[in-house]
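For reference, the structure is listed below as structure tokens.
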Amino acid sequence: MIRTHGAGTLRPEHAGQQVTLAGWVARRRDHGGVVFIDLRDASGSAQVVFREEDDAHGLRSEYCVKVTGEVRTRPAGNENPDLPTGGVEVVATSVEVLSEAAPLPFPIEGNTEVSEESRLRYRYLDIRRQQAGDALRTRSRATYLVHEVMRERDFVYVETPNLTRSTPEGARDFLVPVRLQPGNWYALPQSPQLFKQLLMVAGLERYYQLTKCFRDEDLRADRQPEFTQIDIEMSFVDQDDVMELGEAIIGRVWKETLGYELPSPLPRMTYADAMARYGSDKPDLRFGCELADLTEYFSGTTFRVFQAPYVGAVVMPGGAAQTRKELDGWQDWARSRGARGLAYVLVQEDGFGGPVAKNLSETELGGLAEATGAKPGDAVFFAAGDRHESRELLGAARLEIGRRCGLIDESAWSFLWVVDAPMFEPDGEGGWTAVHHPFTGPKPEYADTFQDNPGEALAYAYDMVCNGMEIGGGSVRIHRAEMQQRVFEVLGISKEEAESKFGFLLEAFKYGPPPHGGIAYGWDRVCMLLTGSESIRDVIAFPKTASGFDPLTGAPTPITAEQRKEAGVDAKPRAQEPAPA
RNA sequence: GGUCCUGUAGAGCAGUUUGGAGUGCUCGCCACCCUGUCAAGGUGGAGGUCGCGGGUUCAAGUCCCGUCAGGACCGCCA
């Protein structure tokens with residue numbers, strides 16, 4: 001090594017030692033006759049003292065330097081108790097500039113806010129900054145912890161292909177042209193779902209992998225086109241076994257990195273409860289404001305709008321004090337989410353306000369506070385119509401209320417499992433679509449009957465939710481061809497279609513497939529929560545912007561005509577796949 | 001595909017409401033001064049297609065139209 005010590009490791013007990021440090025010039029304080037340099041490396045930073053004759057005046061921010069000198073305790077009165085190395089300094093005897101640095105596009109030191117655009121453009125400098133570097137280091141520590149847990153539990157780490165077959169999952173595939181077979185394309189995996197099930201057939205019994213997944217959909221703060229999953233599958237297990245493992249992993253990570261002890265076992269909530277009480281399948285339990293179901297309450301109402309299959313409400317504490325402009329703002333907010341508006345009643349000391357109040361009877365208004373839990377000074381927001389849509393609107397309003405009113409305890413952790421989601425939901429065209437994926441099994445009590453009443457059947461599935469964000473989800477899978485066939489029938493997938501799309505899985509299931517189940521964690525999201533980041537981009541070394549652009553490399557780029565020809569982008573497949581009989 | 005926010009010196013911002021000379025702040029950068037600082041200090045200086053294009057106007061950073069980029073959200077993402 002070029003250096004003998006990490007700058008951040010120096011302490012008074014090193015006094016008297018000759019050391020060589022290597023790192024970057026973080027700050028310089030040039031007094032003419034004496035020059036102080038804070039030399040930073042991955043371990044921290046230390047003060048180096050130069051005298052006039054050492055010629056340190058030419059050192060500039062972020063020069064990469066090697067310094068040799070003697071550690072000494074600082075002169076009395078000059079210690080800096082705010083710094084870990086503040087008791088000592090290195091008196092330089094020689095300095096070598098390993099490389100110079102051009103003037104920086106943004107400051108490395110200090111807490112200056114820098115636009116994400118330029119941080120990503122110069123990501124290597126951003127990561128030199130404390131915050132971005134720490135996020136990646138925390139992610140690394142957490143990753144090791146996951147491997148520890150999995151190793152302790154005898155899981156087999158298996159890598160699955162990234163160049164694979166397009167499979168009919170939910171998202172759009174990224175496609176890769178195949179030079180060796182012009183006209184044919186690989187797809188990048190949306191997840192290793194089918195491979196991990198094959199590994200169960202293969203008898204590995206306990207598989208895991210930290211792996212990239214790819215989905216060609218529009219991006220968000222918590223979505224990137226390529227992202228990392230902890231992918232897990234286990235044989236001969238029940239739902240509780242997988243959930244116990246999931247809690248062990250997340251529990252270890254939170255305990256070892258944040259010192260936070262996860263409740264054990266984690267609370268569980270049914271999907272039905274989550275929708276009814278929080279209007280979400282991933283409720284944020286860091287604050288209350290539960291929804292009130294007023295369908296029964298308004299069953300006899302003369303107000304047309306409330307003559308609906310569902311009427312619900314959510315209370316905004318202190319909301320009656322809002323200005324007309326703020327209340328109108330809620331209407332815009334609701335319309336931007338595709339709703340017609342957001343009816344509201346203001347509960348005041350001396351009565352009720354808001355445009356809806358006059359449409360309600362004395363009795364309806366009189367019992368409203370009790371029915372919703374509203375107090376004088378609060379606003380009650382209503383949604384009426386389709387049960388699911390209305391609840392989702394109220395759930396979104398609840399979150400908005402939580403944010404606007406500062407009800408969310410940012411220091412709190414709210415972990416829970418949401419279980420018993422429906423297997424199917426209407427696809428809007430008279431058929432059914434899988435809520436989870438088509439290989440998810442029904443809860444045992446629906447095993448024989450789900451095809452008769454698909455809307456009622458519950459899936460043997462579970463989602464881990466943290467602070468209102470889904471961080472992991474899984475299910476006990478179907479392992480019998482007969483049951484799989486019935487699911488396909490509900491989904492309107494013909495035998496031929498199933499055969500051509502994932503015949504390889506169905507074939508594997510002919511050879512003694514074990515009962516199995518698993519889970520996948522969105523590792524970027526987990527790390528985002530762990531580090532308190534606003535976006536998963538903060539825990540990804542080289543992320544892409546919302547339009548899928550990488551400001552650092554400039555990807556994606558056009559290709560040359562030659563590349564296009566060679567890749568076979570425009571080629572037609574040589575022969576059609578054999579038509580199903 | 002849609003809605004909203006943002007774009008002014010290397011960085012972070014103010015100025016845009018009500019059009020009047022690129023007007024300004026903090027940091028950084030360059031030169032010089034300075035022997036105990038640690039967000040060092042002092043003096044001086046450089047640095048601007050006001051995202052881009054068009055329009056209105058005697059006059060546009062400011063008003064209008066379009067467009068590009070970034071961000072948030074809806075749709076979408078099992």
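Below, read A as the first sequence line, B as the second, and so on, with proteins coming before strands; counting in each chain starts at 1.
- Taking for each of A:S336 and A:R525 the nucleotide of RNA chain B with the nearest heavy atom, the 5'-most of the two is the partner of A:S336.
- Rounded to whole Å, the P atom of B:G7 lies 41 Å from the corresponding atom of B:U37.
- Residues satisfying the ring-ring contact (aromatic ring centres under 6.0 Å, His included) criterion with A:H5, sequence neighbours excluded, are A:H14.
- Look at B:U37: it lacks any Watson-Crick or wobble partner with both distances under 3.5 angstrom.
- Atom P of nucleotide B:C77 and atom CG of A:D173 are separated by 13 Å, given to the nearest angstrom.
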Quiz item: Which parts of nucleotides 30-39 of chain B does protein reach within less than 4.0 Å, heavy atoms only, written one letter per nucleotide 5' to 3' as B for base, S for sugar-phosphate only and - for none?
Solution: SS--BBBBBS

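- Nucleotide B:A72 is matched to B:U3 when pairs are restricted to Watson-Crick or G-U wobble geometry with both distances under 3.5 angstrom.
- Nucleotide B:C58 has B:G20 as its partner under the Watson-Crick or G-U criteria, with both atom distances under 3.5 Å.
- Remark: the separation of the C1' atoms in B:A39 and B:G12 is 15 Å, to the nearest Å.
- For the pair A:R477 (side chain) and A:Q197 (backbone), a donor-acceptor distance under 3.5 Å is absent.
- Between the side chain of A:R220 and the base of B:G71, no donor-acceptor pair of N or O atoms lies under 3.5 Å.
- Going from the P atom of B:G45 to that of B:C50 covers 25 Å, rounded to whole Å.
- A:H31 meets the ring-ring contact (aromatic ring centres under 6.0 Å, His included) test with A:F36; sequence neighbours excluded.
- When rounded to the nearest whole Å, the span between CZ of A:R337 and P of B:C4 equals 16 Å.
- To the nearest angstrom, P of B:U3 lies 15 Å from CZ of A:R335.
- Every residue meeting the side chain to side chain contact (heavy atoms under 4.5 Å, CB included) condition with A:E499, not counting sequence neighbours, appears here in chain and number order: A:L506.
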Between side-chain atoms of residues 76-85 of chain A and protein atoms elsewhere (two or more places apart, or another chain), which donor-acceptor pairs fall under 3.5 Å?
unit_1, atom_1, unit_2, atom_2, d
A:E79, OE1, A:G77, N, 3.1
A:N80, OD1, A:D82, N, 2.9
A:T85, OG1, A:S45, O, 2.8

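- Contact check, A:Q190 against B:A78: a side-chain N or O comes under 4.0 Å of OP1 or OP2.
- Residue A:D231 contributes atom CG, which lies 14 Å from atom C1' of B:A78 at whole-angstrom precision.
- The side chain to side chain contact (heavy atoms under 4.5 Å, CB included) check on A:K212 picks up A:F214, A:E226, A:T228, with sequence neighbours excluded.
- Remark: the separation of the P atoms in B:G55 and B:A21 is 23 Å, to the nearest Å.
- Comparing the P positions of B:G66 and B:G71 gives an interatomic distance of 23 Å, to the nearest angstrom.
- Separating the C1' atom of B:G47 from that of B:G22 is a span of 13 Å, rounded to the nearest Å.
- For A:K282 and B:A78, the NZ to P distance is 12 Å, given to the nearest whole Å.
- Of the nucleotides present, B:G42 is the one that pairs with B:C32 by Watson-Crick or G-U wobble criteria, both distances under 3.5 Å.
- The residue A:R537 sits close only to the backbone: its heavy atoms come under 4.0 Å of sugar-phosphate atoms, none of a base.
- Shown here are the ring-ring contact (aromatic ring centres under 6.0 Å, His included) partners of A:Y462, two or more places apart in sequence or in another chain: there are none.
- The nucleotide B:C77 finds no pairing partner, because no Watson-Crick or G-U wobble arrangement with both distances shorter than 3.5 Å includes it.
- When the P atom is compared between B:U62 and B:U18, the two are found 14 Å apart, to the nearest whole Å.
- The stretch residues 545-557 of chain A comes close to RNA chain B through A:T545, A:A546, A:S547, A:F549, each having a heavy atom under 4.0 Å from the strand.
- Counting heavy atoms from C-beta on, the side chains of A:V67 and A:F50 come closer than 4.5 Å.
- Cation-pi check for A:R335 over A:W330 is not met; the charged atom does not lie both under 6.0 angstrom from the ring centroid and within 45 degrees of its normal.
- Rounded to a whole Å, the CG atom of A:D222 is 11 Å from the C1' atom of B:C73.
- In this structure, A:R387 contributes its side chain and A:A384 its backbone to no donor-acceptor pair below 3.5 Å.
- The separation between A:E217 atom CD and B:C77 atom P is 6 Å, rounded to whole Å.
- For the side-chain hydrogen bond (donor to acceptor under 3.5 Å, both in side chains) test, residues two or more places apart in sequence or in another chain that qualify with A:Y460 are A:D238.
- Base pairing analysis places B:U67 opposite B:G51; the two distances defining the Watson-Crick or G-U wobble pair are each below 3.5 Å.
- Not a single ring-ring contact (aromatic ring centres under 6.0 Å, His included) links A:F174 to another residue, sequence neighbours left out.
- Counting only distance, with no hydrogens or angles, the side chain of A:E62 and the backbone of A:L104 share no donor-acceptor pair below 3.5 Å.
- Taking the six-membered ring for Trp and thresholds of 30 and 60 degrees, A:F450 and A:F424 have ring planes inclined between 30 and 60 degrees apart.
- For A:R480, the side-chain hydrogen bond (donor to acceptor under 3.5 Å, both in side chains) test picks out A:E482, with sequence neighbours left out.
- The base of B:C76 has none of its N or O atoms less than 3.5 Å from a complementary donor or acceptor on the side chain of A:R215.
- In this structure, B:A11 forms a base pair with B:U26, meeting either the Watson-Crick or the G-U wobble geometry with both donor-acceptor distances under 3.5 Å.
- Distance from the side chain of A:E117 is smallest to B:A69 among B:A72, B:A69, B:G12.
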Check the interface with nucleotides 5-10 of chain B: list each N/O to N/O pair with the protein under 3.5 Å, or write none.
unit_1, atom_1, unit_2, atom_2, d
B:G10, O2', A:P105, O, 2.6

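- Across all strands, A:T433 comes closer than 4.0 Å to no nucleic acid atom at all (heavy-atom distances).
- Taking atom P on both nucleotides, B:C30 is separated from B:U67 by 43 Å, rounded to a whole Å.
- Atom pair A:L219:CG and B:C76:P shows a separation of 16 Å (rounding to whole Å applied).
- Judged by distance alone, with hydrogens and angles left aside, A:S191 brings a side-chain donor or acceptor within reach of the base of B:A78, the pair sitting under 3.5 Å.
- Nucleic acid contact class of A:T440 (heavy atoms, under 4.0 Å, all strands): none.
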